[in-house]
Amino acid sequence: MIKPRLFLCNGAIYSETSDRQIIELNTQGLDPNVNVRLENLTKIFLKNLSPRIIDLIEIASLVFAADCAISRGRSGLSSGQESWDRDFQFIIAVREPNFWNQEQVKQKLIRVLNFLSDDKYIFQFQQLTNEPKQLYLELNEQEKWTTQNIDRVLMFSGGLDSLAGAVETASTGKNLILVSHRSVATMDKRVKQLVKKLRQFYPEITIKHIPIWVNKDSTTLRHEHTQRTRSFLFSALGTAVAECINSDGVRFFENGIVSLNLPVADEAIRARASRTTHPLALYWFSELYSLITERDFQIDNPFFFKTKTDIVSIIAQNNASELIGFTCSCAHQIYQSKTQWHCGTCSQCIDRRIAIFAANQEEYELETDYVSDVFTGKRKEGYETNMAVNYARHAFELDRMSDQEIATKFNRDISRATRSFSKQSQVAQQIIEMHKRHGLNVANVLQTQIQNNSKALFNGHLEKSSMIAMIAGQKHLSSSWQNYIQKITKILKNGIPTACKTHKPKDEPHLQEICDGILQGHDLTLVREFPFMRWSSCFTKPDWSAEHLQLWIELKYVRKKEDIRPITRDIAEDITKYGDNNRRVLYIIYDPQHLIIDEAQFSEEILKREFMKVEFIR
């Protein structure tokens, strides 16, 4: 289990003893380890920056720094506790502690952060005793902004979605204020180029760009890459800008496929699937920021019902396709070279490239901008190959499934996404239709790519780990939990006969110990005898579980012929118990003497259940 942390922030004092690991975070003073700077602002902005808004900027920066500082570790510890969750307590010195200590303020803050990152939060606020000398603003020489005709501050990442939002807004004649995050120098240069191009496209309107630097002490505060609280930081910074110009709110632009982020594989659950612009998160942000600003303040995303292909089409329809080459969608921006801005292997690169082809805009993007070709390039075994296969499988399933099947399979995700809307059934149908369009677009592009590369496939000249080769080889037809079963089976089929060659296990618990050592040696995320499940008046538990896949594993040892009957009886009971609870189950039967003669007959009842498998080891 990850040790709970206590963050003492901006000189906050904690005099009691604590069993938490204490970490100091400071956005101020002579040696701050969290630095935030807003650029290209004017004195009018400084004049309107209230103490409460400065508090908001600091709180969001400190939460984001803590999120980045503490690794989530890996799941499946032997104790049965998944090490994804973290337990954070913050004691922060602020300018308006009475406001921030209000129960409703803290509850709304904790609710949205818990939803974003799946972590536990406790907040306490103290009076800031020493007003910091550091300012968060870097002022330019211009005294005034043209702030008329701006109803929303636009969050501008420099990707296709935010470009489409800026283009669509500018096309209506509205002035733009764009807020973007400066993470690495190469990305900063590209965003500036994109803004310059936008200004050339729309010379009749005012486009102001506010880059934001968020710097952390890289030696101590950079361990966790998921950064699920990122949207809190950037919506807070956008809120600061919006409040100073009296704008109605902040606007994100992100397609609904990414915003809702249905799990493309069984592993993509909880905070592993980002909720950065999830409609429920944006709704709760609106509630929180309305309290802070004491007015109706909206955080919204007009692109929630659009696919990535729809986004690219918006850019094309507004005659701005030549700007596509100046955008960046890659998840690995920190590793970008000066000449290639997309890795070609992450989900964002896959999504981008397919959408560009689906919208017939490929002429506006150079293939050489990708380190590895999305369709035909080599992929590393593991994350990169799994990402391509899972992405394709998910899209093909969406294309093939009926509306009702999608609604049933993703009922929880769709129901949660509709909670902030008044017409929930109508919104649910729009969500389903959007995913059907996405599935069709992806399927069409991939099928065309297979046709275009058929000769290379036929001659064996296509890289075997490429997305097209794997799809042509039908690897996308097996689900991730089935692939995991195959991996476990292969390990045990190789390991058990070798480990038991000289001395056979004395009983089933002894065999379990041997298998436990084999599985742990391969670093598999399996937990012994966990979790407990209630069935009728009894409790039961599996020999191993992989809860991230909802998979249970049962091991049976046939030592003598008389063992077959009780093993069959136990499995029959398990089929009912586990089946009633919708559990995936793998039965491993170690039968070194081949006492089970008819494997098909033995397996018949097990295989009647769609989510149950059996493997024999001799």
Original post:
Can you check side-chain hydrogen bond (donor to acceptor under 3.5 Å, both in side chains) on Ser117 and Thr229, steps first, answer last?
Top reply: CA-CA 6 Å; Ser117 73; Thr229 61; over 6 Å; no

Original post:
Do Lys306 and Ile314 have side-chain heavy atoms sitting under 4.5 Å apart?
Top reply: yes

Quick one: side chains of residues 356-364, donor-acceptor pairs under 3.5 Å with protein atoms, not counting sequence neighbours, listed by atom name and distance.
| unit_1 | atom_1 | unit_2 | atom_2 | d |
| --- | --- | --- | --- | --- |
| Gln361 | OE1 | Ser321 | OG | 2.6 |
| Gln361 | NE2 | Ala359 | O | 3.2 |

Original post:
Quick one: do the Thr307 and Asp310 side chains pair a donor with an acceptor below 3.5 Å?
Top reply: yes

**OP:** Please assess Arg352 against Tyr370 for the test side-chain hydrogen bond (donor to acceptor under 3.5 Å, both in side chains), listing each intermediate value before the final yes or no.
**Re:** CA-CA 11 Å; Arg352 172 193 176 93; Tyr370 292 80; 3.3 Å; yes

Original post:
Between Gln340 and Val371, which heavy-atom pair has the shortest distance, and what is it?
Top reply: NE2-CA, 3.7 Å

**OP:** Would you mind telling me which of Ile311, Thr169, Leu163, Thr277 makes a side-chain contact (heavy atoms from CB on, under 4.5 Å) with Phe253?
**Re:** Thr169

Original post:
Quick one: does Ile354's side chain get under 4.5 Å of Lys308's, heavy atoms only?
Top reply: no

Original post:
Looking at Gly249 and Ala242, what are the two nearest heavy atoms and their distance?
Top reply: O-CB, 3.7 Å

Original post:
Does a sphere of radius 6.0 Å around NZ in Lys436 hold more than 12 heavy atoms from other residues, nucleotides or ligands, not counting ones at 6.0 Å or beyond?
Top reply: yes

Subject >> Under the side-chain contact (heavy atoms from CB on, under 4.5 Å) test, residues paired with Glu615 that sit two or more places apart >> reply: Thr489, Lys493, Leu586, Ile588

Subject >> Whether Trp552 and Tyr578 hold their rings parallel, tilted or perpendicular, with breakpoints at 30° and 60° >> reply: perpendicular

Original post:
Hey, is CD on Glu610 packed in by over 12 heavy atoms from elsewhere, all under 6.0 Å?
Top reply: no

**OP:** Take atom CD of Gln424 as the centre, draw a 6.0 Å sphere, and report whether it contains more than 12 heavy atoms from other residues, nucleotides or ligands.
**Re:** yes

**OP:** With sequence neighbours left out, write down each residue that passes side-chain contact (heavy atoms from CB on, under 4.5 Å) with Asn411, or none if nothing qualifies.
**Re:** Ser415

Original post:
Counting only heavy atoms not in Phe396, do more than 12 sit closer than 6.0 Å to its CZ atom?
Top reply: yes

Original post:
Are any non-hydrogen side-chain atoms of Leu113 and Phe88 less than 4.5 angstrom apart?
Top reply: no

Original post:
How would you list, by chain and number, every residue that makes a salt bridge (charged side-chain N to carboxylate O under 4.0 Å, His left out) with Arg609, sequence neighbours excluded?
Top reply: none

Subject >> Taking every non-hydrogen atom, the tightest pair across Gly439 and Leu398 >> reply: CA-CB, 4.2 Å

Original post:
What pair of heavy atoms forms the shortest contact from Phe297 to Ser247, and how long is it?
Top reply: CE1-O, 4.1 Å

**OP:** Please examine the side chains of Ser180 and Phe234, heavy atoms only from C-beta on, and report whether any two atoms are closer than 4.5 Å.
**Re:** no

**OP:** Not counting sequence neighbours, which residues clear side-chain contact (heavy atoms from CB on, under 4.5 Å) with Lys423? List them please.
**Re:** Gln426

Subject >> 4.5 Å side-chain heavy-atom contact, Thr239 and Ile292 >> reply: no

Subject >> Contact summary for Ala469 and Leu462, nearest pair of heavy atoms >> reply: N-CD2, 4.0 Å

Subject >> Aromatic Phe115 / basic Arg275 pairing, under 6.0 angstrom, 45° off normal >> reply: yes

**OP:** Scan Thr376, Thr385, Leu446 and name whichever one has a side-chain contact (heavy atoms from CB on, under 4.5 Å) with Met467.
**Re:** Leu446

**OP:** Check step by step if salt bridge (Lys or Arg N to Asp or Glu O under 4.0 Å) holds for Glu365 and Arg353.
**Re:** CA-CA 9 Å; Glu365 181 176 59; Arg353 192 68 173 148; 2.9 Å; yes

Original post:
Would you call Arg228 and Asp119 a salt bridge, taking side-chain N to carboxylate O under 4.0 Å as the test?
Top reply: no

Subject >> Any donor-acceptor pair under 3.5 Å from Asn255 side chain to Val258 backbone >> reply: yes

Subject >> Side-chain touch Leu56/Tyr289, heavy atoms, less than 4.5 angstrom >> reply: yes

Subject >> Test side-chain contact (heavy atoms from CB on, under 4.5 Å) applied to Val167 and Phe201, step by step >> reply: CA-CA 9 Å; Val167 165; Phe201 259 72; over 6 Å; no

**OP:** Starting from the C-alpha separation in whole Å, work towards a yes-or-no answer on salt bridge (Lys or Arg N to Asp or Glu O under 4.0 Å) for Asp151 and Lys174.
**Re:** CA-CA 9 Å; Asp151 58 353; Lys174 293 182 179 180; 3.4 Å; yes

Original post:
Between His342 and Cys328, what is the shortest heavy-atom contact and its length?
Top reply: NE2-CA, 3.5 Å

Original post:
Are Gln429 and Ser425 linked by a side-chain donor-acceptor pair shorter than 3.5 Å?
Top reply: no

**OP:** Please confirm whether the backbone N or O of Phe303 pairs with a side-chain atom of Glu254, one donor and one acceptor, at under 3.5 Å?
**Re:** no

Original post:
Of all residues at least two apart in sequence or in a different chain, which pass the salt bridge (charged side-chain N to carboxylate O under 4.0 Å, His left out) check with Asp403?
Top reply: none

